[in-house]
Amino acid sequence: MSCFTSKFADELIANAAYIGTPGKGILAADESTGTIGKRLASINVENVESNRRALRELLFTTPGALPCLSGVILFEETLYQKSSNGTPFVDMLKSAGVLPGIKVDKGTVELAGTNGETTTQGLDGLGDRCKKYYEAGARFAKWRAVLKIGQNEPSELAIHENAYGLARYAVICQENGLVPIVEPEILVDGSHDIHKCAAVTERVLAACYKALSDHHVLLEGTLLKPNMVTPGSESAKVAPEVIAEHTVRALQRTVPAAVPAIVFLSGGQSEEEATRNLNAMNQLKTKKPWSLSFSFGRALQQSTLKTWGGKEENVKKAQEAFLVRCKANSEATLGIYKGDAKLGEGAAESLHVKDYKY
Amino acid sequence: MGRSLKLHICRCVRLQCGLLKAHFLPQFQTLHKIRSRHLPQSELSSPSPSPPPLLSRMSCFKSKFADELIANAAYIGTPGKGILAADESTGTIGKRFASINVENVESNRRALRELLFTTPGALQYISGIILFEETLYQKTSSGKLFVDVMKEAGVLPGIKVDKGTVELAGTNGETTTIGLDGLGDRCKKYYEAGARFAKWRAVLKIGNNEPSELAIHQNAYGLARYAVICQENGLVPIVEPEILVDGSHDIEKCAYVTERVLAACYKALSDHHVILEGTLLKPNMVTPGSDSGSKVKPEVIAEHTVRALQRTVPAAVPAVVFLSGGQSEEEATVNLNAINQLKGKKPWSLTFSYGRALQQSTLKAWGGKEENVEKAQKAFLARAKANSEATLGGYKGDAQLGEGASESLHVKDYKY
């Protein structure tokens, strides 16, 4: 390698490539305690450890779902939890060929002198935490940087800070055997059109890859988790093919071929929208030297949550809803989704929350 | 990576090449008017091909020449073709002539270029020729403009637009390239004369403390500024950040520096809103230094080179056209061939932009004498054909070696 030589290099490269296996993707189940509280509140479920555990068990034990997944991102608490029969979640995932991942950032703080722009924190002691997580079974990590589009946003400062924060996080992960997911989310909030989103996305991604290069990150052992390129939430919707075209072009202009896979975030898209857009991308005929897959949270769990409502007797039905979305997205990574997934309750519902805070 | 994914990628790349072959071989005149669109299935010779790059509205700066730039850049990367770098300045060609005892006068410079451009059967292997300004306005002995000879043969004329290098104060002999002043006007003029692409050579070296951050930054941003000015005026910019082969470093060091330099270049190009689909990259291959004492196999050079490109060059760039540096004619061909045989992700075509490595044995065979022209043209044809095969990974190493074809062309601290 001509970047820094991590003793984990081969493993990082193999794991990153595995996550991008066609037909598979990532379930983002890493909602922090505060965030999952909001979700549980929306279905009138108490935010206690046993309920959080029960929800994740519901997802991980859904018959037929794990083959559609290459990885699951967990919150720290979940990394150490077990199923009701005593099997640690990480073991359950591993034996099903699913890599456990771990959210390692500590949320955002505002950048002084900006119009509400933020940077992400969590670098202090990150190396030690990564070591610990690797020992507990994690093999990849996630760190969410957030940018927004406005009159003067994103500013050069916000782009630089977030890009270099991501790069520093990435190399620390690699030093400790975790594949870093690089996530520079540009929020969908705003009334801008798709061209503006494309221009900003290209600028942000170019900055990210410069930062990763400066920090000697091994690109073959990373993943990218970007937003799709779409109009702003307050602007008119466009067809999936248009989103696909603008998104893939932005990636062609910025993401080196060494990156094995791109795992899109769903932002505020509904379950069905997210699947259709991913499908359109995989159908697009053009240069795509990385696999294009999903790392969906809300867009995989929304109808499952609603169906469950916290009740034991609903688990089976809720698992059916989850399987439907897993399969649909698996097909979308192959460009063969026919739009025929049985829509669960809320599957077509927008999941956009203005100025979303995790 | 899963096998099905590998196949999918190979299929996309192969079909894109197939599309380019079917799309860009017809009349040259239409090239300037080509609007790349999704072609109806019936127009294409291969089943379910990949269409040209996504075009709709640009999110970079909006050049009125966008479609033309994209079409021309893609054409230059046509599999089986590459660039002849015949842009030696008057001073530089003088050195070449001196080596074969030929006087450096305009008629001799004209005669050499005529020899090359009228070689029967050679131009089919060439998608573009880089010219020095003087040559852009010269004619054959029968009075036909060189640019017209090229156009009729489906070859795009290119023009060197930089004005050489100057040293950066406070560095250890590092340089930056000059030529930005009035560049826009000069590009306009060259476009009117028939040029469709340009070249600007930035130079970096490897040493204990080199290349410095300053040298990388200056050269990258100079290239980016040059690139966008070209695009504003209808010329496809070749971005050339040459890292000299001089030095005793190993191939790993060269790889590391090349990756660092290319990453800086693409950041600069992004900052300057350059349309990547309308550019070409002309990098050095990744090799050990000339004084390292070690030679490595073509496959090793290929692996390190392609990996460096995978790590830095966005897929939007249609073609990478390697410089030959100090490599002999045969080395440059064999290495290019190995690069094209390598199995891996290569979302850009990989071809040549050779000067010395296409002309060395031709020059020797000519020696400035009219009676040697035919022999010299045969030598040139042999190299052009060999390199064409190399772009397809099909070179068998059997080109009849002209005198000097295996001779290293390395000149220490080479100045153009």
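Everything numeric here is computed off the predicted structure, so don't read it as measured data. Labels below follow one simple rule: chain letters A, B, ... track the order of the sequence lines, proteins then strands, and each chain is numbered from 1.
- Of the N and O atoms on the side chains of Asn329(A) and Tyr337(A), not one donor lies less than 3.5 Å from an acceptor on the other residue.
- Proximity to chain B (any heavy atom under 4.5 Å) is shown, for Val242(A), by neither the backbone nor the side chain.
- At a threshold of 4.0 Å, the pair Arg203(A)-Glu156(A) counts as salt-bridged, since one of the basic side-chain nitrogens sits closer than that to a carboxylate oxygen.
- Of the charged side-chain nitrogens involved, none lies within less than 4.0 Å of a carboxylate oxygen, so that Lys205(B) and Glu210(B) do not count as a salt-bridged pair.
- When each of Ala14(A), Ala206(A), Ala261(A) is scored by its heavy-atom pairs under 4.5 Å with chain B, the top score falls to Ala206(A).
- In this structure, chain A has a heavy atom under 4.5 Å from the backbone of Val317(B), while its side chain stays farther away.
- Contacts between Thr254(A) and chain B at a heavy-atom distance below 4.5 Å involve the backbone alone (N, CA, C, O).
- For Ala207(A), the parts sitting under 4.5 Å from any heavy atom of chain B are the backbone and the side chain alike.
- Taking a cutoff of 4.0 Å between a charged side-chain nitrogen and a carboxylate oxygen, Glu185(A) and Lys225(A) do not qualify as a salt bridge.
- Salt bridge absent: Lys148(A) and Glu153(A) never bring a charged side-chain N and a carboxylate O closer than 4.0 Å.
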